Amino acid sequence: MIKLENIFKWYSLGNSKSFVLKDINLEIEEGDFVSIMGPSGSGKSTLLNVIGMLDEPDEGKYFFMDEDVLAMKTKKRNQLFQSHIGYVFQSYHLIDELTVYENIETPLIYKNISSSERKAIVSDMLDRFNIVGKKDLFPAQLSGGQQQIVGIARALAGSPQLLLADEPTGNLNSKQGEEVMDLFKQLNNEGVTIIQVTHSEKNAEYGKRIIDLLDGQIVKH
């Protein structure tokens, strides 16, 4: 499903380069559940953003479902992202002006899904996450944990084949965190490929394999 070849990402500091990712080679099969771990500043989120097509490497090749992502025009890349990928951000990225209901509905609008079908999908998500009572509230009226749950519901609304999660339980209490990880496990069993960045050993164990990053390089896999 995903193949990264010799991926480098750097920032120029004067005449020198500060590497964020160094020579990353990685293959992820469909149905995999990968946990990316490593200390702060090791390049975890950058790697996730490259896989999620939110960031471009400076060097290397990226194939997603056998398509050369970096050779694509932006429009095609966006379509690929919207069709196949759900993203759970650490800082939620909810749209402040939209209600919970509208936030969850947003990715569906890009997919040309009829309004009645959108309604059914959003209702299902509200139900699944026990947030029916919050559907007309705005993000600012929710706790951090609730905002994270809405972010996850939004990511899953489009039935992605690939779910990317950056510290998905970072702002949740332990019970909520466990519920989210159990849900990820269930989704993975249903065939969704998952890549998560996490600091938590416990959360990492939910994955089928762990990739350790240190100073922008994979140390073992």
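On a predicted model such as this, the values are computed, not experimentally measured, just so you know.
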Asker: Working note: Arg209 + Asp32, criterion salt bridge (charged side-chain N to carboxylate O under 4.0 Å, His left out); need CA distance, chi angles, decisive distance, verdict.
Answerer: CA-CA 8 Å; Arg209 62 187 174 123; Asp32 210 344; 2.9 Å; yes
Asker: Are the side chains of Val88 and Gln148 in contact, using a 4.5 Å heavy-atom criterion?
Answerer: yes
Asker: So do Val192 and Phe184 actually touch side chain to side chain, heavy atoms under 4.5 Å?
Answerer: no
Asker: Taking Gln146 for the side chain and Ser143 for the main chain, is one N or O donor matched with an acceptor at less than 3.5 Å?
Answerer: yes
Asker: Roughly how far, to the nearest 0.5 Å, is the CG atom of Asn6 from the NZ atom of Lys22?
Answerer: 14.5 Å
Asker: Are Met1 and Met65 packed together at the side-chain level, in the sense that at least one heavy-atom pair is separated by less than 4.5 angstrom?
Answerer: yes
Asker: Do Phe81 and Leu162 pass the side-chain contact (heavy atoms from CB on, under 4.5 Å) test, and can you show the C-alpha distance, the side-chain angles, and the key distance before you say yes or no?
Answerer: CA-CA 9 Å; Phe81 179 92; Leu162 172 65; over 6 Å; no
Asker: Is it the case that Ser35 and Gln196 place a side-chain donor and acceptor less than 3.5 Å from each other?
Answerer: yes
Asker: Give, for atom CD1 of Ile218 and atom CG of Leu47, the distance between the pair rounded to the nearest 0.5 Å.
Answerer: 6.5 Å
Asker: Establish, from distance only, whether the side-chain atoms of Asn103 and Tyr92 form a donor-acceptor pair under 3.5 Å.
Answerer: no
Asker: Is the closest basic N to carboxylate O distance between Lys3 and Glu5 below 4.0 Å?
Answerer: yes
Asker: Show your reasoning for whether side-chain contact (heavy atoms from CB on, under 4.5 Å) applies to Ile109 and Glu105.
Answerer: CA-CA 7 Å; Ile109 292 168; Glu105 186 185 31; 4.2 Å; yes
Asker: Would you mind reporting whether Asp166 and Gln90 have side-chain heavy atoms less than 4.5 Å apart?
Answerer: yes
Asker: As an exercise, state the distance from CG of Leu126 to CG of Asp124, rounded to the nearest 0.5 Å.
Answerer: 9.0 Å
Asker: Side-chain polar contacts of residues 133-142 - donor-acceptor pairs under 3.5 angstrom, sequence neighbours left out - could you list them?
Answerer:
residue	atom	partner	partner atom	Å
Gln141	OE1	Phe138	N	2.7

Asker: Strictly below 4.0 Å, N to O, side chains only: are Glu178 and Lys202 in salt-bridge contact?
Answerer: yes
Asker: I'd like to know if the side chain of Thr99 reaches the main chain of Glu102, judged simply by a donor and an acceptor atom lying under 3.5 Å from each other, with no hydrogens or angles considered.
Answerer: yes
Asker: At what distance, to the nearest 0.5 angstrom, does CD of Glu167 lie from CG of Leu48?
Answerer: 10.0 Å
Asker: Test your reading of the model: is there a side-chain donor-acceptor pair from Ser16 to the backbone of Ser12, 3.5 Å cut-off?
Answerer: no
Asker: Has Asp58 got a side-chain atom pairing as donor or acceptor with Trp10's backbone, closer than 3.5 angstrom?
Answerer: yes
Asker: Are Ile24 and Leu213 close enough that some pair of their side-chain heavy atoms sits under 4.5 Å apart?
Answerer: yes
Asker: Checking the side chain of Glu56 only, and the main-chain atoms of Leu70 only, is there a donor and an acceptor separated by less than 3.5 Å?
Answerer: no
Asker: Donor-acceptor check, side chain of Asp23 to backbone of Phe8, threshold 3.5 angstrom: yes or no?
Answerer: no
Asker: With no hydrogens and no angle check, is any side-chain donor or acceptor of Ser91 less than 3.5 Å from a backbone partner on His93?
Answerer: no
Asker: Describe, in one word, how the ring planes of Tyr62 and Phe64 are oriented to each other, choosing from parallel (under 30°), tilted (30 to 60°) and perpendicular (over 60°).
Answerer: perpendicular
Asker: So does Lys76 pair up with Glu67, basic N to acidic O under 4.0 Å?
Answerer: yes
Asker: Would Gln176 and Asn173 count as a side-chain contact (heavy atoms from CB on, under 4.5 Å) here? Give the steps.
Answerer: CA-CA 5 Å; Gln176 287 172 319; Asn173 63 38; 3.4 Å; yes
Asker: Are the side chains of Ser18 and Leu13 in touch, meaning some heavy atoms are under 4.5 Å apart?
Answerer: yes
Asker: Hey, are Asp182 and Tyr206 close enough side-chain-wise for a donor-acceptor pair under 3.5 Å?
Answerer: yes
Asker: Can you confirm whether more than 12 heavy atoms, excluding those of Lys119, are under 6.0 Å from its NZ atom?
Answerer: no
Asker: Measuring from Met125:CE to Leu108:CG, what's the distance to the nearest 0.5 Å?
Answerer: 8.5 Å
